Amino acid sequence: MILAIDIGNTNIVIGCIDENKTWFIERLSTDRSKTELEYAIVIKNVLDIYRIQPAALEGGIISSVVPQITQIVRAAARKILQKEILVLGPGIKTGLNILVDNPAQTGADLIAATVGAISEYPVPQIIFDLGTATTVCVVDKKKNFIGGMILPGIRTSLDALTANAAQLSGIDISAPKRIIGKNTVECMQSGIIYSNAASMDGIIDRIEGELGEETTVVATGGLAKNIVPFCQKEIILDEDLLLKGLLHLYRKNG
């Protein structure tokens, strides 16, 4: 069992995983002001909640898109585990052939999720990650990462919609009883849920049209469970996908 951490712009995903199961997965707020000790306390507390002893962990791996705190979190995890913590980046073997203009610009989270998807599901693939931004990764039938899309995330869109209207703040991201809203809150909920579901359905159609073949579609990320049930396309919801990818990468570099 290893400790896997993904540092995103809004949340830090932390979990313990082995080849048989994901022991837990939790989301913490990304805080750029926290010190190494403060993050160490957070990690230790989460492990304590699930009654996992640091000595039971083989090691850890981190993917991060927030370079300001990557090494702080790494040092914090090392302090608790007393073992080496890998960071997904230069020097790490991924086994992934990235066919884009500048492979070095591909986010560590996208690499981890794609590695997880390739190890779990048939190719070609479309992989949606619904977080601060919604990202789309495309893998061809030869298991090459060939590119994707980035669009505004669900919460980002909702925050932009309500930013200048105090009366509309605090809308919950949940589906109303009907698609045709009967009040302002229902209209906004319907708009957020169904516009994103329709967007995913349409993106799948267009990418498959460009590829000229059907794909396996996988969705992950903190908000995927809110949207996938309302899509018309067949989409696999895998909330542990990124952790599975990090485990695979840890084994490859162990």
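Treat the numbers as computed from the prediction; the structure is a model and nothing was measured.
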[X], [Y]: one ILVMFWY side-chain cluster at the under-4.5 Å cut-off?
X	Y	value
Tyr250	Val87	no
Leu57	Ile12	yes
Phe128	Ile227	yes
Ile61	Val73	no
Ile126	Val100	no

- Item | Salt bridge Arg78-Glu36, side-chain N to carboxylate O under 4.0 Å |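 Looking at Arg78 and Glu36, the cut-off is not met.
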Decide yes or no for [X] and [Y]: does some side-chain heavy atom of the first lie under 4.5 Å from some side-chain heavy atom of the second?
X	Y	result
Leu151	Ile203	yes
Val138	Met149	no
Thr35	Ile72	no
Cys16	Leu3	yes
Ile193	Ile173	yes
Ile14	Val42	no

Please report the interatomic distance [atom1]([X]) to [atom2]([Y]), rounded to the nearest 0.5 Å.
X	Y	atom1	atom2	value
Lys143	Thr114	NZ	OG1	13.0 Å
Asn11	Asp31	CG	CG	12.0 Å
Arg155	Thr10	CZ	OG1	10.0 Å
Ile85	Lys79	CD1	NZ	12.5 Å
Asn196	Leu223	CG	CG	9.0 Å
Asp18	Leu243	CG	CG	11.0 Å

How are the rings of Phe24 and Tyr50 set to each other: parallel, tilted or perpendicular (split at 30° and 60°)?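 Answer is parallel, since the angle falls under 30°.
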| said: For Gly8 versus Val66, what's the shortest heavy-atom pair and its separation? | reply: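 Closest pair (atom of Gly8, atom of Val66, distance): O-CG2, 3.4 Å.
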For residues 232-239, which side-chain donor-acceptor pairs fall under 3.5 Å, sequence neighbours excluded?
from	atom 1	to	atom 2	distance (Å)
Lys233	NZ	Asp205	OD1	2.5
Asp238	OD1	Asp240	N	3.0
Asp238	OD1	Leu241	N	3.2
Asp238	OD1	Lys244	NZ	3.4
Asp238	OD2	Tyr121	OH	2.6
Asp238	OD2	Lys244	NZ	2.9

Side-chain donor-acceptor contacts of residues 91-98 below 3.5 Å, not counting sequence neighbours, with atom names and distances?
from	atom 1	to	atom 2	distance (Å)
Thr94	OG1	Leu96	N	3.1
Asn97	ND2	Asn144	OD1	3.1

- Cut-off 3.5 Å, side chains only: do Thr135 and Asp129 have a donor facing an acceptor? no
- [ ] Output, in order, the C-alpha distance, side-chain angles, deciding distance and verdict of salt bridge (Lys or Arg N to Asp or Glu O under 4.0 Å) for Glu84 and Arg74.
- [x] CA-CA 9 Å; Glu84 189 53 42; Arg74 182 188 194 184; 2.9 Å; yes
Worksheet entry | Thr156 side-chain N/O to Thr132 backbone N/O, donor-acceptor pair under 3.5 Å | yes
*asked:* Between Ser199 and Ser195 (side chain of the first, backbone of the second, donor and acceptor by atom type, cut-off under 3.5 Å), is there such a pair?
replied: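 No; judged by distance alone, with no hydrogens or angles, the pair does not exist.
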Taking atom CZ as the centre, does Arg32 end up with more than 12 heavy-atom neighbours from other residues, nucleotides or ligands that are less than 6.0 angstrom away?
yes
With sequence neighbours left out, the residues meeting salt bridge (charged side-chain N to carboxylate O under 4.0 Å, His left out) with Lys44 are Asp48
